[in-house]
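Each chain gets a letter, A, B and so on, in the order the sequences are listed, and its residues count up from 1.
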2 protein chains.
Amino acid sequence: MKTEDHSFLKSETIENVSQIFKVLADPTRIKILYLLSQEECNVNHIAEVLEMSQSAVSHQLSMLRNLRLVKYRREGKTLFYSCDDEHVISLLKQAIDHSEHH
Amino acid sequence: MKTEDHSFLKSETIENVSQIFKVLADPTRIKILYLLSQEECNVNHIAEVLEMSQSAVSHQLSMLRNLRLVKYRREGKTLFYSCDDEHVISLLKQAIDHSEHH
DNA sequence: CATACATATGAACATATGCTCATATATAAT
DNA sequence: ATTATATATGAGCATATGTTCATATGTATG
């Protein structure tokens, strides 16, 4: 068993980094995270704004929740989601800025 | 036809950002880019260090070349690859630093 | 408690992705 | 020219991923 696949990076680090970027690699999640970085939203609102099914949004939020990238609060029947990871939002915004200015 | 799927981000921006992060989402490419960020390498050297087949490395380099993330120079039969996109390396290193210090 | 509304979840399916295997191309040396 | 070395590339395959569809769960209200 090798604990490292690379002389300089721990395999654990590589897996973590890969996971962060996998989240950010999907257009749907980019839109969701960018939206949530601007305002707290409930699930249906996200679905409407992004023109996606409630189910698809909910599945993605489930993933983002498990990775602790978003959090939520309940208000009656409604769940309000917001971002919970400044670092990931920072990476996203840098990539957006770079893309927009090139 | 909608030119934007999101009120704030152009669909072109979303695609570009997604593509950047897709590149960085794969463990193999993380290792290759990190290695190349430290030293110029030929293909066989990358394959040896990362314990991968020459073909697998070459396929990945092909992709990185097409996206202009790496460049190469020839010396006889050997091709020496190096990084050609500071911004992408910057994103990668930030994610690595963050992962290592948490 | 029955119904409606908001959200979550499991299964199935289609597409994307990364590898291997075989083979092609390019350069150098004999 | 033939052979060896370094790298590239196409096809095929197995796995991962994101969506849809159907259904479940949770909460408020009559």
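Between the CE atom of Met63(B) and the P atom of dT7(D) there is a distance of 21 Å, given to the nearest Å. A straight line from CG of Asn66(A) to C1' of dT17(D) spans 15 Å, rounded to a whole angstrom. Rounded to whole angstrom, the span from the CZ atom of Arg73(A) across to the C1' atom of dT7(C) amounts to 16 Å. Atom CG in Leu50(A) sits about 11 Å away from atom P in dT19(D), given to the nearest Å. One can place CG of Leu61(B) at 13 Å from C1' of dA6(D), the figure rounded to the nearest angstrom. Residue His45(A) contributes atom NE2, which lies 14 Å from atom P of dA6(C) at whole-angstrom precision. Atom CD in Glu51(A) sits roughly 16 Å away from atom C1' in dT19(D) (whole-Å rounding). One atom, CE of Met52(A), and another, P of dA8(C), lie 13 Å apart when rounded to the nearest Å.
For the side-chain contact (heavy atoms from CB on, under 4.5 Å) test, residues two or more places apart in sequence or in another chain that qualify with Ser37(B) are Tyr34(B), Cys83(B), Ile89(B), Lys93(B). Remark: Ser55(B) pairs with no residue by the side chain to side chain donor-acceptor pair (under 3.5 Å) rule, at least two apart or across chains. Listed by chain and number, the residues in a side chain to side chain donor-acceptor pair (under 3.5 Å) with Arg73(A) are Glu40(A), Glu75(A) (sequence neighbours excluded). Partners of Thr28(A) under the side-chain contact (heavy atoms from CB on, under 4.5 Å) rule, at least two apart in sequence or in another chain, are Asp26(A), Ile32(A), Met52(A), Gln60(A). Gln54(B) meets the side-chain contact (heavy atoms from CB on, under 4.5 Å) test with Val43(B), Asn44(B), Ser58(B); sequence neighbours excluded. Residues that satisfy the side-chain contact (heavy atoms from CB on, under 4.5 Å) test with Asp97(A), not counting sequence neighbours, are Glu100(A), His101(A). In this structure Asp85(A) satisfies the side chain to side chain donor-acceptor pair (under 3.5 Å) test with no other residue, sequence neighbours excluded.
Annotation: ring pair (Phe, Tyr, Trp, His ring centres under 6.0 Å) contacts involving residues 39-80 of chain A, sequence neighbours excluded, comprise Tyr72(A)-Tyr81(A).
Within a 6.0 Å sphere centred on CD of Glu39(B), other residues, nucleotides and ligands contribute more than 12 heavy atoms.
In this structure, Tyr81(B) reaches the dA8(D) phosphate: one of its side-chain N or O atoms is under 4.0 Å from OP1 or OP2. A close approach under 4.0 Å does occur between a side-chain nitrogen or oxygen of Arg29(A) and OP1 or OP2 of dG18(D). A close approach under 4.0 Å does occur between a side-chain nitrogen or oxygen of Asn44(A) and OP1 or OP2 of dT7(C). A close approach under 4.0 Å does not occur between any side-chain nitrogen or oxygen of Asn42(B) and OP1 or OP2 of dA6(D).
Relative to the axis of its first five pairs, the axis of the last five pairs of the helix from dC1(C)-dG30(D) to dT30(C)-dA1(D) sits at 10°, rounded to 10 degrees.
In summary, the side chains of Glu15(A) and Ser11(A) do not present any donor paired with an acceptor at a separation below 3.5 Å, with no hydrogens or angles considered.
Ala25(B) and Ser18(A) make their closest contact through O-OG, 2.6 Å (heavy atoms, listed as atom of the first residue, atom of the second, distance). Nearest approach of Phe21(A) to Ala95(B), heavy atoms of both residues: CZ-CB, 3.5 Å. Closest of all the heavy-atom pairs between Val23(A) and Met63(A) is CG2-CE, 3.9 Å. The two atoms that bring Cys41(A) and Ile46(A) nearest to each other are CB-CG1, 3.6 Å, heavy atoms only.
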If you restrict it to nitrogen or oxygen atoms, what contacts under 3.5 Å exist between nucleotides 9-13 of chain D and the protein, and what is each distance?
unit_1  : atom_1 : unit_2   : atom_2 : d
dT9(D)  : O4     : Ser55(B) : OG     : 2.7
dG10(D) : O6     : His59(B) : NE2    : 2.7

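Listed by residue number, the members of residues 16-27 of chain B with any heavy atom below 4.0 angstrom from DNA chain D form an empty set.
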Exercise. In the 5'-to-3' direction, what one-character label does each nucleotide of nucleotides 24-30 of chain D receive under the scheme B = base within less than 4.0 Å of a protein heavy atom, S = sugar-phosphate only, - = no such atom?
Worked result: --SBS--

